[in-house]
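Keep in mind that what you see is a predicted model, and the values were worked out from it rather than measured.
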Amino acid sequence: MSEGILMPTLRTTDRTDLFYRDWGTGAPVVFLAGWALSGDMWQYQMLAAAERGFRAVCYDRRGHGRSDDPGRGYDFDTLADDLAALLEHLDLANVTVISHSMGGGEVVRYLSRHGSARVAGVALVGSTMPRLLRSDDNPDGIDPALTDLLRDSMKKDLPQWGVENIGPYVGVDVPGCDVSVASQEWTQRDGLRVSLQAAMDCYRANLEADFRAELVSITVPTLVVQGTHDVSAPPELCGQRIAALVPGSRLAVYPNAPHAIYLTHQDQLTEELLDFAAKKV
C-alpha cells in the first residue's frame, strides 16, 4: 500500500478483506474479473461507465490482486457470497453485473444463493459456462487429460504458462485483434498477482462446475457476449449453450474476438455493455 493512501476494502464473514474500486455516481454497474486476473482488467470499461453517469464498481477476487489470500474459499459458493458481501457493504440496488470468464459462474451462483432482489441484469462476457469438462452427458466437453496437462504446466511454471498462452488469449495474428505488446505484458503481470493456490483451486472449481440447471432459472435480463475465436470459452461449448439455456437472453457474437475481447474489441464491447446497462434489453 502506498503511504498515505487508504485502499477501500470490505471484510467478508470469514474475515477476508477484499479490495474494491468505486468510481462515479448513478445506476450501479459491478464488474467481475476473469480467472487469475484482478479488477484492473475492466479499467477501460469502468472509466467509460463512470464518465457516462454510472457508478462503476469492481473488486479483486480473494487470492487475486490486492485482496487477501486466506488459503480457502475458492469455490463458487464462497465466491458468490463474496459478491453478496460487496453488494450489501455498498448497499447497491438495481445493479447490472458484468462478468468475464469464470466471473460468470460467480454471478449465476449468486443469483441461485441470494436471489435477484438487488440485480437488474447480468452480462456474461466470454463466460466459461455451462459445463466445460467432457462427461457422459456432456460429450462435447474438454478432454480431462488435456486439462490435467494444462494444470501441471501451471503448477510447474505459471509465468512461463502465461507467456505461452498470451498469444491465443489476445488473438495474436487474428484479423481485427491488435493488442499492444505493452498491454500483453501488463495482462501477464496482473495474472501473476494471483496466489498459486487461488489460481489452481479456482481453475479446478471452474472446470468441475455444472451451471446448466442454474442458468435455466435466471429471471433477470441477460446479455451473452461471445467471441468466435475464444479458445478459453469456445462458442459451441459456452456462449451458444448459455444463450439457449437462459430464458429471454440475447447472444452477441463478435467475429474474430478472442477471450480478451475487452481489450481487442474494447470500444465495441464498451458500447454494448453500457447500452445493456441503460436499457436492460
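No hydrogens or angles considered: nothing links the side chains of D267 and Y44 as a donor-acceptor pair under 3.5 Å. No side-chain donor from either of D68 and T16 sits under 3.5 Å from a side-chain acceptor of the other. Using modelled atom types, one finds a donor on one side chain and an acceptor on the other under 3.5 Å when comparing N206 with T128.
Following chains of ILVMFWY side-chain contacts shorter than 4.5 Å, one can reach L158 starting from L146, so the two form part of one hydrophobic cluster. Under the 4.5 Å side-chain heavy-atom criterion for Ile, Leu, Val, Met, Phe, Trp and Tyr, V163 and V231 are members of distinct hydrophobic clusters. One hydrophobic cluster, built from ILVMFWY side chains closer than 4.5 Å, cannot hold both F76 and Y74; they sit in different ones. When the side chains of ILVMFWY residues are joined at heavy-atom separations under 4.5 Å, either directly or via intervening members, L149 and I142 end up in two distinct hydrophobic clusters.
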For this session: Could you go through the side-chain contact (heavy atoms from CB on, under 4.5 Å) check for D81 and H114 one step at a time?
Result: CA-CA 8 Å; D81 292 348; H114 300 275; 2.7 Å; yes
Exercise. Between R212 and V216, does a side-chain contact (heavy atoms from CB on, under 4.5 Å) hold up when you go through it step by step?
Worked result: CA-CA 7 Å; R212 288 174 290 188; V216 174; over 6 Å; no
Exercise. Hey, mind stepping through R113 and D77 against salt bridge (charged side-chain N to carboxylate O under 4.0 Å, His left out) and telling me if it holds?
Worked result: CA-CA 8 Å; R113 288 173 65 82; D77 284 355; 3.4 Å; yes
For this session: Assess whether side-chain hydrogen bond (donor to acceptor under 3.5 Å, both in side chains) is satisfied between T78 and D75, documenting all intermediate values.
Result: CA-CA 6 Å; T78 304; D75 57 278; 3.0 Å; yes
Problem set entry | Verdict with reasoning, V225 to I261, per side-chain contact (heavy atoms from CB on, under 4.5 Å) | CA-CA 9 Å; V225 180; I261 187 172; 3.7 Å; yes
Problem set entry | Test salt bridge (charged side-chain N to carboxylate O under 4.0 Å, His left out) applied to R52 and E271, step by step | CA-CA 11 Å; R52 305 268 188 97; E271 291 297 323; 2.4 Å; yes
For this session: Run the numbers on V172 and Q184 for side-chain contact (heavy atoms from CB on, under 4.5 Å), then give the verdict.
Result: CA-CA 10 Å; V172 170; Q184 293 179 42; 4.2 Å; yes
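Side-chain N or O atoms of R109 include none that pairs as donor or acceptor with a backbone N or O of G104 at under 3.5 Å. Here the side chain of R72 pairs a donor or acceptor atom with the backbone of D14 at under 3.5 angstrom. With hydrogens and angles disregarded, a donor-acceptor distance shorter than 3.5 Å links the side chain of Y203 to the backbone of T147. Remark: the backbone N or O of V57 is not paired with any side-chain donor or acceptor of D22 at under 3.5 angstrom. Side-chain atoms of S67 come within 3.5 Å of backbone N or O of F19 as a donor-acceptor pair. At least one donor-acceptor pair under 3.5 Å links the side chain of Q226 to the backbone N or O of A233. Between the side chain of R250 and the backbone N or O of T222, no donor-acceptor pair lies under 3.5 Å. Panel note: side chain N138, backbone L133; a donor-acceptor pair is recorded below 3.5 Å. S249 contributes a side-chain N or O that, together with a main-chain N or O of A243, makes up a donor-acceptor pair within less than 3.5 Å. Between the side chain of D190 and the backbone N or O of S38 there is at least one donor-acceptor pair closer than 3.5 Å.
Proximity of S116 to T219: side-chain heavy atoms (C-beta onward) are separated by under 4.5 Å at one or more points. At a threshold of 4.5 Å between non-hydrogen side-chain atoms, the residues Q45 and Q266 count as touching. For the pair V122 and S99, the minimum side-chain heavy-atom distance is 4.5 Å or more. A 4.5 Å side-chain heavy-atom check between M41 and T187 finds every atom pair outside the cut-off. Side-chain atoms of D40 and R21, non-hydrogen and from C-beta on, do get closer than 4.5 Å to each other. R66 has its side chain within reach of R193: a pair of non-hydrogen atoms, C-beta onward, lies under 4.5 Å apart. Looking only at side-chain heavy atoms (C-beta outward), L86 and Y20 come within less than 4.5 Å of each other. P258 places none of its side-chain heavy atoms less than 4.5 Å from the side chain of V174.
Closest of all the heavy-atom pairs between C238 and S127 is CB-O, 3.3 Å. Nearest approach of A277 to F54, heavy atoms of both residues: CB-CE2, 3.8 Å. Of all heavy-atom pairs between A50 and A56, the closest is N-CB, 4.4 Å. Closest non-hydrogen pair, C202 versus R61, comes out as SG-CD, 4.1 Å. Shown here for Y262 and L269, the closest heavy-atom pair between the two residues is CA-CD2, 3.5 Å. Here the closest non-hydrogen pair linking P70 and R62 is CG-NH1, 3.6 Å.
Residue pairs meeting the salt bridge (charged side-chain N to carboxylate O under 4.0 Å, His left out) criterion with at least one partner in residues 84-104, sequence neighbours excluded, are D91-R118. Pairs engaging residues 237-258 under the ring pair (Phe, Tyr, Trp, His ring centres under 6.0 Å) rule: Y254-H265 [sequence neighbours left out]. A ring pair (Phe, Tyr, Trp, His ring centres under 6.0 Å) check over residues 149-172, counting only residues at least two apart or in different chains, returns the pairs W35-W161, Y169-H259.
The local environment of CG in D178 is sparse, with at most 12 non-hydrogen atoms from other residues, nucleotides or ligands closer than 6.0 Å.
In this structure, the separation between NE2 on H100 and CD on E106 is 12.5 Å, given to the nearest 0.5 Å. To the nearest 0.5 Å, atoms CG (D210) and CE (M129) are separated by 11.0 Å. If you take CG on L10 and CG on D17, they are separated by 7.5 Å, rounding to the nearest 0.5 Å. Once rounded to the nearest 0.5 Å, the distance linking CH2 of W42 with CG of L32 reads 9.0 Å. Taken to the nearest 0.5 Å, the OG1 atom of T96 stands 9.0 Å off from the CZ atom of F31. Put simply, CD1 on I218 and CG on L124 are 6.5 Å apart, with the number rounded to the nearest 0.5 Å.
With respect to the salt-bridge test (charged N to carboxylate O, under 4.0 angstrom), the residues D152 and K155 do not qualify.
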